[in-house]
There are 2 protein chains.
Amino acid sequence: MDLRHLRYFIAVAEEKNIGRAAARLHISQPPLTRQIQQLEAELGVSLFIRTPRGVELTEVGELFLAEARNIRSVVEQATERTQRAGQGKLGRLDIAIFGSAILDVIPKLLRAYKVMFPKVKIVLHTMNKGEQIEALQQRRISVGFNRILSPTPGITAELVTTEALLLAVNAAHPLASRDVVPFEALAGEPLVLFPTGVRPSFVDTVVALCQSAGFTPEVSQEVGDAVTAVALVAGGFGLCLVPQSATVLAFPGVVYRPLSDVPTPGRVDLSCIYRSDDQSPLLAGFLAEVRRFRAGLRT
Amino acid sequence: MDLRHLRYFIAVAEEKNIGRAAARLHISQPPLTRQIQQLEAELGVSLFIRTPRGVELTEVGELFLAEARNIRSVVEQATERTQRAGQGKLGRLDIAIFGSAILDVIPKLLRAYKVMFPKVKIVLHTMNKGEQIEALQQRRISVGFNRILSPTPGITAELVTTEALLLAVNAAHPLASRDVVPFEALAGEPLVLFPTGVRPSFVDTVVALCQSAGFTPEVSQEVGDAVTAVALVAGGFGLCLVPQSATVLAFPGVVYRPLSDVPTPGRVDLSCIYRSDDQSPLLAGFLAEVRRFRAGLRT
DNA sequence: CCATGAACATACCTTAAAGGTATTGCTCTG
DNA sequence: CAGAGCAATACCTTTAAGGTATGTTCATGG
């Protein structure tokens, strides 16, 4: 038995006439007669009573009609679900995030993704870079977001966005009175650095920039994340370099100032990382959305 | 897409190796490769990752494997149910019964039928002969049971069993003292006759027998059914001729005696009736059981 | 009562697609 | 580096689905 047999059977049962059903199926009448006979022979059952005006279903035929329609709908649903899944539109995507990226870029990106792939369940995990790589290798997550990258075999990184650096400074600090702060003005000032943890990280970027500008930063405090760092700035612990997206943190007493004369590159990247061999349509769909997002930023 | 594609896909998914799956399916490897490629192309989805050691399912493939197995089981159940129905082993059978047949033959027959066709739901209706014929013609029932028949167009009758006649007599009556009662002894005795209602019926058989024996019966009472008739015998209303199966009615004060010299045929039939054009497998199965039952009685 | 038309069945041919054989190409392994 | 194992490809064979022509049956109307 074949899905064709069922399609033909349903057509004949609905038309109550083999000739008309054949026309509807775009085949001629004799083959349809034969297919129905085959189906009956295979089931060992009489499905139709032949009358001079056409055919009508037997009781068994009525039963089988219900079964056939059921099979048809099960098959349709199965193919549809499979195709959705194949387009990355169905399933579950585990994503790891960390640090200041949580503040602005990730929410925007995920919102855009949700619009395109509404049936994908997104599960967010908070992990630092080392944890992300391990989780990727163990297939516990499919995507991670990070600012600083060192090439890792088997892991591909893809740039999501770059952001300018801003100075977060206490409103009472003399530098807060300036609209634009020259980078060299940071020399000798106590800095709050983040994050602690797996190196290299954003800390190293900031230190490298200072050294490019000809001075060694004075470290007031190292903390785990951007939010804590800005909170310490509000508490007067010193200055802090943050990615632009950190400005969503409106701590009282903290102002953000653009910097001038920042040594190259002067910006900080946000990248997403994933297994190089991951062929999942879910990942493909997500990466497509990441690229669309980045293209949208450029315009 | 085709059920064959699903069968092949399941085999490959289970073997994780196209060559072995082909052997299991009793085809060679290249056609199987092609069928899988077709399936993937039709779904627009990659189901397997080809490795040097075989193939393994993608995430989408895993999903589709579950779907395919589901479809397979739905199809299997559908064909099985249809075949059961085609053999008269599934469905509902409405049967009408009446009179003394209820007492013994019908329960035995239905019990035997239930063993062979356990999934058929039997619905019993109590109808007299006229009602049975009308209900058959209106397709409200499929089978009726009756003792006396007059040929009816479109209705076929089939003998189920014949039973000897016994005399039901009050234990205080002089005839109760005899082991065998000659039929002529009934002349002049008051008789309880049944059933009232549509003629011809068992009443007419009894009257005809009496006239064959050379006397006209003295009617003490006519009642609707055998149970009432025997109850009246217990109450001293007279004698009553009953089919053998009525002996299950063990009323106190009533004894059953065989008769001798009963005019031919001397027995009473029980037949079942059904629409001559009824091709339902349910009816066919039931009639097969009736014939088996009758053959069993003969031995 | 016969002719007609509508319907399904049958016979026979054509064509599309499933299956088979031989071979290639790619990896991993010893 | 050669061989084993596996999937893919090329090309042929065979099966079965589809098409055309015709037969058979039954109801209907003149």
Side-chain angles (χ1 to χ4, degrees), chain A residues 1-58 60-61 64-65 68 72 75 153-154 276-277 279, chain B residues 1-58 60-61 64-65 68 72 75 153-154 276-277 279:
Chain A
M1 192 176 66
D2 216 337
L3 293 182
R4 179 186 38 251
H5 287 114
L6 298 184
R7 210 173 64 243
Y8 287 4
F9 167 73
I10 292 170
V12 174
E14 285 174 354
E15 295 289 342
K16 300 184 183 305
N17 178 310
I18 296 184
R20 276 203 304 277
R24 185 172 121 184
L25 294 165
H26 307 297
I27 62 174
S28 60
Q29 170 257 317
L32 183 55
T33 293
R34 240 187 320 153
Q35 293 293 323
I36 297 295
Q37 288 170 339
Q38 277 176 23
L39 181 61
E40 289 181 319
E42 189 167 332
L43 291 170
V45 147
S46 177
L47 296 171
F48 293 103
I49 300 165
R50 276 69 171 175
T51 71
R53 282 209 280 286
V55 295
E56 60 186 47
L57 284 167
T58 61
V60 178
F64 189 66
L65 176 59
R72 183 178 60 179
V75 169
S276 308
D277 65 352
Q279 295 299 311
Chain B
M1 193 175 67
D2 216 338
L3 293 182
R4 179 185 41 252
H5 287 113
L6 298 184
R7 209 172 63 243
Y8 287 4
F9 168 74
I10 291 170
V12 174
E14 284 174 356
E15 295 290 342
K16 299 182 185 306
N17 177 311
I18 295 185
R20 275 203 306 277
R24 185 172 122 185
L25 294 165
H26 307 297
I27 63 173
S28 60
Q29 172 257 317
L32 184 55
T33 294
R34 245 188 314 154
Q35 293 293 323
I36 297 295
Q37 288 170 338
Q38 277 176 23
L39 181 62
E40 290 181 319
E42 189 166 333
L43 291 171
V45 147
S46 176
L47 295 170
F48 293 103
I49 300 165
R50 276 70 171 175
T51 71
R53 282 207 280 286
V55 295
E56 60 187 47
L57 284 167
T58 61
V60 178
F64 189 66
L65 177 58
R72 181 177 60 178
V75 170
S276 308
D277 64 351
Q279 295 299 311

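Convention: sequence-line order gives letters A, B, ...; per-chain numbering from 1. Values reported hereafter were calculated over all heavy atoms of this structure, with side chains retained and with hydrogens, waters and symmetry mates removed.
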Enquirer: Can B:Gln29 and B:Thr33 be counted as having a side-chain donor-acceptor contact under 3.5 angstrom?
Expert: yes

Enquirer: Is there a donor-acceptor pair closer than 3.5 Å between any side-chain N or O of A:Gln35 and the backbone N or O of A:His5?
Expert: no

Enquirer: Atom NZ of A:Lys16 to atom P of C:dC8: distance rounded to whole Å?
Expert: 13 Å

Enquirer: Under the rule for side-chain hydrogen bond (donor to acceptor under 3.5 Å, both in side chains), what residues qualify as partners of B:Glu15, not counting sequence neighbours?
Expert: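 For B:Glu15 the side-chain hydrogen bond (donor to acceptor under 3.5 Å, both in side chains) partners, ignoring immediate neighbours, are B:Arg20, B:Arg24.
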
Enquirer: Nearest-Å distance, CD (A:Glu56) to P (C:dA6)?
Expert: 20 Å

Enquirer: Keeping to residues at least two apart or across chains, list the ring pair (Phe, Tyr, Trp, His ring centres under 6.0 Å) pairs with something in residues 12-37 of chain B.
Expert: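 Found none.
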
Enquirer: Expressed in angstrom and rounded to an integer, what is the separation of A:Phe48 atom CZ from C:dA7 atom P?
Expert: 16 Å

Enquirer: Round to a whole Å and report the spacing from CG of A:Asn17 to C1' of C:dA6.
Expert: 9 Å

Enquirer: Between C:dC8, C:dA7, D:dA7, which nucleotide has the shortest distance from any of its atoms to the side chain of A:Ile18?
Expert: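 When the side chain of A:Ile18 is considered, C:dC8 is the closest of C:dC8, C:dA7, D:dA7.
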
Enquirer: Base, backbone or nothing for each nucleotide of nucleotides 16-30 of chain C, written B, S, -, heavy atoms under 4.0 angstrom, 5' to 3'?
Expert: --SBBBB----SSS-

Enquirer: Whole angstroms only, please: what is the CG-P distance between B:Leu3 and D:dA16?
Expert: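 Taking CG of B:Leu3 and P of D:dA16, I get 16 Å after rounding.
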
Enquirer: Roughly, in whole Å, what's the span from CZ in B:Arg20 to P in D:dA4?
Expert: 19 Å

Enquirer: Tell me whether the OP1 or OP2 atom of D:dT25 has a side-chain N or O from A:Arg50 closer than 4.0 Å.
Expert: no

Enquirer: If you measure from the Lys or Arg side-chain nitrogens to the Asp or Glu carboxylate oxygens, is any gap between B:Glu40 and B:Arg34 under 4.0 Å?
Expert: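 Here B:Glu40 does not pair with B:Arg34 in a salt bridge, since their nearest N and O are not under 4.0 Å apart.
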
Enquirer: Taking atom CZ as the centre, does B:Arg50 end up with more than 12 heavy-atom neighbours from other residues, nucleotides or ligands that are less than 6.0 angstrom away?
Expert: yes

